[in-house]
Amino acid sequence: GYRVSLQGNFFGRNHTYITFAEYNPRKHIKLDPPLNIQSNVTASKCQIWWSVPWYLVEILQYELQYKEYSMSWEIALNKTPPSSLPQIEIEATELRSGIAYIARVRCKVSENEDSYHSQWSEWSQTTVFQRPGVPKLSEKILNTRTMQFLFIPLSFGTLLYLFWNCKLSSRWQKASPVLTFPRQLLSFSRSIICTMGILR
């Protein structure tokens, strides 16, 4: 270790003040903040990673802060990586869909390290990420499905009605079913076209 003292001349006399009787630089470290923080968002999670000198990777610990972009850092959420690797994951369930987030990270020597001790570094630069919005079915898809569900029973019911009507016409009227049925079929076709137009 080292002894740190302060010397000064006061009123023409020299004085020496002992500031640290034994000073060990390894126990008083402040690291530079992590570099190159980046992020990548998928449907299930957000991955964030950064860079530190390779010779420090195994002895550092990190603290990540993230928040909604428009909010203050005072209400940011803190997250600690489970290992000394310079990366962390945020589950998609922790993020609001369609909202932009901003994150930053800082580092210090791990509490499990006996040879060195440090305070937290300054915060790193930031990275911005956003969880994609949950896609919704378009009106066109909804209309197509509705048309599929309605077309089959409507067609069956209309054909059954035409068949029954033609049967009655052949019994009680002199009009030929051969002539009546095409007219009704034409009317049925027009009604189907109108129905499809409404569904669109």
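With a 4.5 Å cut-off on side-chain heavy atoms, R96 and R131 do not count as touching. With a 4.5 Å cut-off on side-chain heavy atoms, L60 and K108 do not count as touching. Side-chain contact between N40 and W49 is present, with at least one heavy-atom pair separated by less than 4.5 Å. The side-chain heavy atoms of I102 and T127, taken from C-beta on, include no pair separated by under 4.5 Å. The side-chain heavy atoms of K45 and Q47, taken from C-beta on, include a pair separated by under 4.5 Å.
One distance of note links OG of S124 with CG of D32; it measures 12.0 Å at 0.5 Å rounding. Put simply, OG on S110 and OH on Y62 are 10.5 Å apart, with the number rounded to the nearest 0.5 Å. A distance of 12.5 Å separates CD1 in I90 from OG in S44, rounded to the nearest 0.5 Å. Taken to the nearest 0.5 Å, the CD1 atom of I99 stands 8.5 Å off from the CE atom of M71. Note that OH of Y116 is 9.0 Å distant from CG of L56, once rounded to the nearest 0.5 Å. Put simply, OG1 on T126 and CD on Q65 are 12.0 Å apart, with the number rounded to the nearest 0.5 Å.
Under 4.0 Å is where a charged nitrogen must lie from a carboxylate oxygen, and between K79 and E63 no such pair does. With salt bridges taken as basic N to acidic carboxylate O contacts below 4.0 Å, none links R106 and E122.
Following chains of ILVMFWY side-chain contacts shorter than 4.5 Å, one can reach V105 starting from V41, so the two form part of one hydrophobic cluster. In the hydrophobic clustering of ILVMFWY residues, with side-chain heavy atoms under 4.5 Å counting as a link, V57 and Y55 come out together.
Residues V109 and S118 approach most closely at N-OG, 2.8 Å, considering heavy atoms. In plain terms, the two heavy atoms of Q61 and E111 that are nearest each other are OE1-N, 3.0 Å. Of all heavy-atom pairs between Y66 and L95, the closest is CE1-CD2, 4.0 Å. Minimum heavy-atom separation, A103 to F129: CB-CE2, 3.7 Å. Listed here is the closest heavy atom pair of P34 and S121: CD-OG, 4.1 Å. Minimum interatomic distance between I88 and P81 (heavy atoms only, all atoms of both residues): CD1-N, 3.7 Å.
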Evaluate side chain to side chain contact (heavy atoms under 4.5 Å, CB included) for R104 paired with W73, printing each intermediate quantity in order.
CA-CA 10 Å; R104 62 185 183 180; W73 283 112; 3.6 Å; yes
From CA spacing to verdict: side chain to side chain donor-acceptor pair (under 3.5 Å), Y69, Q130:
CA-CA 10 Å; Y69 192 86; Q130 179 174 324; over 6 Å; no
Where do N78 and L64 land on the side chain to side chain contact (heavy atoms under 4.5 Å, CB included) test, with the steps shown first?
CA-CA 6 Å; N78 295 335; L64 179 89; over 6 Å; no
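Counting non-hydrogen atoms of other residues, nucleotides and ligands closer than 6.0 Å to CD of E94 gives a total above 12.
Although no hydrogens or angles enter the test, the distance criterion places no donor-acceptor pair under 3.5 Å between the side chain of S84 and the main chain of I59.
Screening L35, N36, I37 for a side chain to side chain contact (heavy atoms under 4.5 Å, CB included) with W50, the sole residue that qualifies is I37.
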